[in-house]
Amino acid sequence: ELPTTKKDTSGIARDKELVAMSGTIIRVLKAQPEAFHGTMGLFLLTTLDDASRNAALCANTGTLDIVKGLLEPPKANEATRILATVQRCQKTVAVRLSSGNSDSSTK
């Protein structure tokens, strides 16, 4: 977890919900591709849009936490750890969304 998200965890539940929802929608669309041209397609696009916006916010928040860490030299190792967390977060979300995997226990 990032230092900022430890202070406000409200967004984490919503992000997990978006990933789970998008995985479900992708599985349905794989079984019924014609549904993409209706409500399911629109629902998928809006879900992916929300998830990508949240990933960008996560990256920005992580960057701010890193800058704060770099400004305080004793915390340089913490800044490095935060950067690694942000990179894993972005990669995990991208992989889950592209594969339709909504299992939050997958690393």
Side-chain angles (χ1 to χ4, degrees):
E1 291 182 3
L2 302 173
T4 304
T5 60
K6 289 179 182 178
K7 295 175 188 169
D8 180 16
T9 59
S10 61
I12 295 172
R14 177 69 178 144
D15 289 345
K16 288 181 179 181
E17 182 182 315
L18 281 173
V19 171
M21 194 180 330
S22 62
T24 301
I25 295 168
I26 289 169
R27 281 192 297 279
V28 168
L29 289 173
K30 283 183 179 180
Q32 301 172 7
E34 67 280 356
F36 181 79
H37 299 290
T39 307
M40 289 298 284
L42 180 61
F43 195 43
L44 174 63
L45 294 177
T46 57
T47 301
L48 293 176
D49 181 59
D50 286 348
S52 67
R53 185 197 72 236
N54 291 352
L57 290 172
C58 176
N60 185 49
T61 300
T63 301
L64 291 174
D65 287 344
I66 290 167
V67 169
K68 288 177 187 175
L70 291 175
L71 293 175
E72 300 172 9
K75 296 185 178 181
N77 286 338
E78 181 71 7
T80 302
R81 186 192 64 75
I82 293 168
L83 180 59
T85 301
V86 170
Q87 289 171 335
R88 282 193 306 272
C89 172
Q90 291 174 323
K91 181 179 178 182
T92 301
V93 169
V95 167
R96 286 182 186 163
L97 291 176
S98 67
S99 68
N101 181 359
S102 63
D103 180 8
S104 61
S105 65
T106 306
K107 299 282 179 187

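What you see is a predicted model; the values in this text were computed from it and never measured.
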Counterpart residues, side chain to side chain contact (heavy atoms under 4.5 Å, CB included), relative to Leu48 (two or more places apart): Ser22, Leu44, Leu97
Donor-acceptor pair, Thr92 side chain versus Cys89 backbone, under 3.5 Å? no
What is the minimum heavy-atom distance between Met40 and Ala35, and which atoms define it? CB-O, 3.5 Å
Which atom names give the shortest non-hydrogen contact between Ala55 and Gln90, and what distance separates them? O-NE2, 4.3 Å
Hey, could you give me the CE/CD1 distance between Met21 and Ile26, rounded to the nearest 0.5 Å? 12.0 Å
Can you name the closest pair of heavy atoms from Leu29 and Phe36 and give their distance? CD2-N, 3.4 Å
Suppose we screen for salt bridge (Lys or Arg N to Asp or Glu O under 4.0 Å). Which residues come up paired with Arg14, at least two apart in sequence or across chains? Glu17, Asp50
Partners of Gln87 by side chain to side chain contact (heavy atoms under 4.5 Å, CB included), sequence neighbours excluded? Leu83
Keeping to residues at least two apart or across chains, list the salt bridge (Lys or Arg N to Asp or Glu O under 4.0 Å) pairs with something in residues 83-93. none
Excluding sequence neighbours, so at least two apart, what forms side chain to side chain contact (heavy atoms under 4.5 Å, CB included) with Leu57? Arg53, Asn54
Can you name the side chain to side chain contact (heavy atoms under 4.5 Å, CB included) partners of Ser52, sequence neighbours left out? Asp49
